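Accompanying notes for the structure given below.
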Amino acid sequence: MKLLFANFTRSNSVKIGLSFIVLAGIISLLVGKQHIEKTNRSIEETARHQQEHIERHAKYNKDDLGLMLYYIKFSLVNHTPPLNALSIGQRDVNPSVKSVTIRTLEAQKYDADLNNPYNLLIGNIDFSFVLIFLFPLLIISFTYNLVSEEKESGIWKIIAVQSKNPLGFVLRSFGVRLFVTLAVLLFLYAIAVPLLGIAPDRALQAFFLVSVLYILVWFAICFFVVSLQKSSNFNAIILLSIWILLVFVLPAAINNDLQNRYPLPEALETTVKQRKGYHEKWDMDKELTMDKFYAHYPQFKKYALPEGDFSWLWYYAMQQMGDDEVSEQSAALREKLGQRNMTASRIAQFIPTLHLQLSLNDIARSGLDNQLRFLDETGRFHEKLRLHFYPKIFSGAPVASENWDDFKVEVFSDEKVLSQSGLYTPLLVFIVLFGALGWFIFKKRLRRL
Amino acid sequence: MIKNAEIHIAKLFWKITFKNRAVFILTFIIGILLAYAVFSGWENFKTQKKIRVMYQEQARQDWLDNPDKHPHRMAHYGHFAFRPKTPLSVFDVGMESFLGNSIFLEAHVQNPTNFSEAEFSTGMLRFGEISIAMILQTLLPLLIFFLGFRSLAAERENGTLKILMSQGLNRKQLLLGKILGMILVMSTLYFPVIIITVFLWGFLQEMSISMDETYRLLVIVVIYFIYLCIFCVMAVIISALSKTSKTALTSSIGVWLLLTILLPRAGQSLGSYLYRAPSKAGFQAQIEHDVLRTGDSHNPDDPHYQALKDSVLAAYNVDSVAQLPFNYSGLVMKEGEKITAGIHNNHLKKLREVYAKQNSFSRYLAFLDPYMGIKNLSMALSSTDYNSFTDFQDLAEKYRYHLAQSLNDLQIKHISNTARSSADPASMLDRKHWAQIEDFKYRPPGIGSAFRNELISFLSLLFWGLLLVLILGRLFKTLRIL
């Protein structure tokens, strides 16, 4: 065993492979760190901006609360746990901060972040990329020529004759490689945890466990291919083809399919319709708008519409109609996004690479699921602000009566509990399946020279 | 010296390659993928086009349906610009999924471009998308490497190389013959496939293809051929330099991984690591800061607007704005729009410069990595690159500015200074004016802009051609036979 280990680690190609993966791993941690810093900076800037904004408008519009609230934005932050650095997921596309005024929500809810689309297209070198794309290549390069190399150089005859248990030799060879691979993984985690300040909690534990299982899946696949005992070249081509199938072709094909299966006309429909829903009220009888508004909020019936062309009560009732009249389309959009997410997770169970990416995103709170809950929370946040300010605006409360220091940036923390069996089972099935297949084929064929 | 030895070797290589059953299987798989790429790309194009055209018309209709109104209410009613999907996105989706599709155009505000596909995607999108371009850019080069790794290394291992040379063949003929053979094999796979794809695309478009699209497609067919030729030559060179066919294979795979997976990500990551782009909050705060400094139309005591007022009052020789012969608040808004739009465009320009710096690594990487060259070129020719997107954004902003200022002009001309507010029934403008402001129609730029923007990428492909010729020139003398 010791000899096997020394023999393996002494090889030049192994050294190159190992230093390469360690380098890529460290780069990925730096990329992750920068992502977290960028997010935190953005949150700080938002908080400062919000405070300045409130102060300035409280000064300019000190006699008009309705006008002041027309302008000022309140921000909600999607909490970014440090683990997010390891799996950036959709957090580079979707903003981690939502800033909204109390006007029509549907006109602001989906406001996009500023980003360079080229960065998004090429993709991050985050840790999940290193794990999902590069670790399998390392494993393939470690194992593709096991047995076949010995056969090609004639050593296998000696091993087969001398060893009572040639399968034991194969297993030990795999064991050594597995040990080294896991050691590298552990090493990267050992750097990541202090560097990124990741708390040693259940989330980290789950994150680590699925990574280990994923590595085992690839060892099982390689074990299976090696058990067929073809030539080294054949193994290399087959394993690389499996890799391409799992990291390129299948995920991309499924993504195309999902996009086509769930197109989202509701997005544009909602956005066009909310504009009309609000604006047409300017040209309608005020009573019509007020009746609808009072039906939505019976508690505000006590505020009667004042005389004159314009009042903030009427104005915010009109703005409210922008939301109320697209509630159906908005709900349909939300449901479709939920379906997209569900279908993706279901299909991913059968494709380990996809399953791992989606699981890591879920654990790190960077997937679509997290984004959808953040959007839902933004809706609740917006409603809370409305309910707080509506009565004050309608009763003509002075701007100074509000304690504006209370309006700091709020934080949404996604606490959804993930199903443990859902995380691990699909990977375990793959390990057992390929491991067992490889085992039986080896048992049957190993004696053959 | 054997006459036409290159041609003989090439023909032989072709014959041997196509005797291999595995080649048919791989080609078949790639063929199926291509067919899937065309159909799913087409499906996506068709659905998205339908949705966008429909709501673009709806948005215009809603605009036209407005009754008599205060013009500033119309300035806030605004319009939408939905980015039309280009037909060539079926060929190369490029950045499509990461680009926003909808901008709300209203007075005072430059709204973000929302609803990119990526915003509503699962983590799956990061594995990439299947398109014809993706298959030609990444999978075909690998297939070429698989077909070519044995070309010289295996013959050297078998000793057949020695025999060939002793029969009077020279190194140049041998190498050229093998390369020719590789290109022949590649062409047998590439041309039928690309011709079928192009026809399928045209057929799905019902053959309504513009001249510009035809040129674009022609250039695409040619540059992909050059790109694949580069890989054919590379495959033979790697095989020539490797001792055994096994090292040739592993080196080829290594080169392929480096070119298509690692270098692109490394280059872009380095670019975005070195040049920090501002956050949205930071970007907006900067703009607001500049606006406040230049003149804030919302501040009742702002010096810029105070000066404007004084000069206007002096010019018309009156003592209050109510006595002016035109609508004064319209004038203020016109000035405000000019200031904020100018400042916004300035900051946007700076932001894009940061992005351009981030992307410059990927751009110049093309000299190291032909994959980046073809990627940038192909996106530009398919109008799915960043420049096509900013062109749309700029035209939409131009339209927004025009819309807002036209309505300000209407207000200045037609609305009385004594109107109490925009809800005042006395300050309504006849609805006939709404139709006079023309609809937003986006016309994408012609193929010329793609050439101008991607000059570097063109040069990089040329550079690669030259580089490989130089390496071959050396190998003509130094190729090891044993």
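Treat the numbers as computed from the prediction; the structure is a model and nothing was measured. To find a chain, count down the sequence lines: A is the first, B the second, and so on, and within it residues start at 1.
- Checked by atom type, the side-chain pair Asp302(B)/Tyr60(A) shows no donor-acceptor distance below 3.5 Å.
- Between chain B and the residues Gln357(A), Glu45(A), Gln259(A), the largest count of heavy-atom pairs under 4.5 Å involves Gln259(A).
- Looking at heavy atoms from C-beta onward, Leu121(A) lies out of side-chain contact with Tyr386(B) at the 4.5 angstrom threshold.
- Counting heavy-atom pairs closer than 4.5 Å to chain A, the top-ranked of the candidates Leu142(B), Thr250(B), Asp68(B) is Leu142(B).
- Without hydrogens or angle criteria, Gln90(A) side chain to Ala118(B) main chain gives a donor-acceptor distance under 3.5 Å.
- Contact count versus chain B (heavy atoms, under 4.5 Å) is highest, among Asp369(A), Ile125(A), Ile27(A), for Ile125(A).
- The most heavy-atom pairs under 4.5 Å with chain B, out of Phe129(A), Trp314(A), Tyr144(A), Phe248(A), come from Phe129(A).
- How far CZ of Phe127(B) is from CZ of Phe133(A): 5.5 Å, rounded to the nearest 0.5 Å.
- Side chain of Asp283(A) to main chain of Pro67(B): no donor-acceptor pair is present (N/O by atom type, distance under 3.5 Å, no hydrogens or angles).
- Considering every non-hydrogen atom in both Ser121(B) and Leu368(A), the closest pair reads O-CB, 3.6 Å.
- Side-chain contact between Leu139(B) and Val249(A) is present, with heavy atoms from C-beta onward closer than 4.5 Å.
- Nearest heavy atoms, Pro265(A) versus Tyr55(B): O-CE1, 3.9 Å.
- Annotation for Trp256(B) and Ile244(A): closest pair CH2-CD1, 3.8 Å, computed over non-hydrogen atoms.
- The shortest side-chain heavy-atom distance between Met124(B) and Thr353(A) does not fall under the 4.5 Å cut-off.
- The number of heavy atoms from other shown groups lying within 6.0 Å of CZ (Arg340(A)) is above 12.
- Per-residue counts of heavy-atom pairs under 4.5 Å with chain B were compared for Thr271(A), Asp113(A), Thr46(A); the largest is that of Thr271(A).
- With a 4.5 angstrom heavy-atom cutoff, Ile43(A) does not touch chain B via any of its atoms.
- Tyr110(A) has its ring centre less than 6.0 Å from the ring centre of Phe115(B).
- Put simply, the side chain of Val93(A) does not reach to within 4.5 Å of the side chain of Phe120(B), judged on heavy atoms.
- Side-chain contact between Arg56(A) and Leu292(B): present, with at least one pair of heavy atoms (C-beta onward) separated by less than 4.5 Å.
- Proximity to chain B (any heavy atom under 4.5 Å) is shown, for Leu360(A), by neither the backbone nor the side chain.
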Worked check of side-chain contact (heavy atoms from CB on, under 4.5 Å) between Ile130(B) and Asn255(A): CA-CA 8 Å; Ile130(B) 287 212; Asn255(A) 186 59; over 6 Å; no

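- Of the listed residues (Lys59(A), His279(A), Gln50(A)), the greatest number of heavy-atom pairs within a distance under 4.5 Å of chain B belongs to His279(A).
- Under the 4.5 Å side-chain criterion, counting only non-hydrogen atoms from C-beta, Ser102(B) is in contact with Leu268(A).
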Could you give me the CA-CA distance, side-chain angles and deciding distance for Ile122(A) and Phe98(B), then say whether side-chain contact (heavy atoms from CB on, under 4.5 Å) is met? CA-CA 11 Å; Ile122(A) 299 285; Phe98(B) 301 97; over 6 Å; no

Working note: Glu152(A) + Lys246(B), criterion salt bridge (Lys or Arg N to Asp or Glu O under 4.0 Å); need CA distance, chi angles, decisive distance, verdict. CA-CA 11 Å; Glu152(A) 279 151 26; Lys246(B) 199 186 127 194; 5.5 Å; no

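- In this structure, a donor-acceptor pair under 3.5 Å is absent between the side chains of Asn256(A) and Glu129(B).
- Taking chain A as the reference chain and counting heavy-atom pairs below 4.5 Å, the highest number among Thr47(B), Asp385(B), Leu249(B), Asn359(B) is found for Asn359(B).
- For Lys336(A), the NZ atom sits in a packed shell: over 12 heavy atoms of surrounding residues, nucleotides or ligands are nearer than 6.0 Å.
- Here the closest non-hydrogen pair linking Ser40(B) and Asn260(A) is O-ND2, 3.1 Å.
- When the candidates Ile237(A), Leu358(A), Val31(A) are compared by the number of heavy-atom contacts under 4.5 Å with chain B, Ile237(A) comes out ahead.
- Residue Leu262(B) touches chain A through its side chain alone, counting heavy-atom pairs closer than 4.5 Å.
- Using a 4.5 Å cut-off between heavy atoms, Lys69(B) contacts chain A through its side chain alone, with no backbone atom that close.
- The backbone N or O of Asn124(A) sits less than 3.5 Å from a side-chain atom of Arg265(B), completing a donor-acceptor pair.
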Begin from the C-alpha positions of Arg41(A) and Arg276(B) and carry the test side-chain contact (heavy atoms from CB on, under 4.5 Å) through to its verdict. CA-CA 12 Å; Arg41(A) 203 164 54 237; Arg276(B) 212 164 80 178; 3.3 Å; yes

Kindly determine whether Phe104(B) and Arg275(A) satisfy side-chain contact (heavy atoms from CB on, under 4.5 Å), including the steps that lead there. CA-CA 10 Å; Phe104(B) 178 45; Arg275(A) 171 180 74 156; 3.8 Å; yes

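- Other residues, nucleotides and ligands contribute over 12 non-hydrogen atoms within 6.0 Å of the CZ atom of Arg261(A).
- With hydrogens and angles ignored, the 3.5 Å screen pairs a side-chain donor or acceptor of Tyr36(B) with a backbone N or O of Ala253(A).
- In this structure, Gly123(B) and Asn361(A) approach most closely via the heavy-atom pair CA-ND2, 3.7 Å.
- Side-chain contact check for Asn116(A) and Gln358(B): at least one donor-acceptor pair (N or O, by modelled atom type) lies under 3.5 Å.
- Contact of Met379(B) with chain A is made through the side chain alone, with heavy-atom distances under 4.5 Å.
- Put simply, the side chain of Gln34(A) gets close to the backbone of Tyr273(B): a donor and an acceptor are under 3.5 Å apart.
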Passes side-chain hydrogen bond (donor to acceptor under 3.5 Å, both in side chains), Asp111(A) versus Asn114(B)? Steps please. CA-CA 6 Å; Asp111(A) 274 357; Asn114(B) 291 342; 3.1 Å; yes

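- Thr113(B) and Ala112(A) get closest at one heavy-atom pair: O-CB, 3.6 Å.
- At a threshold of 4.5 Å between non-hydrogen side-chain atoms, the residues Glu288(B) and His49(A) count as touching.
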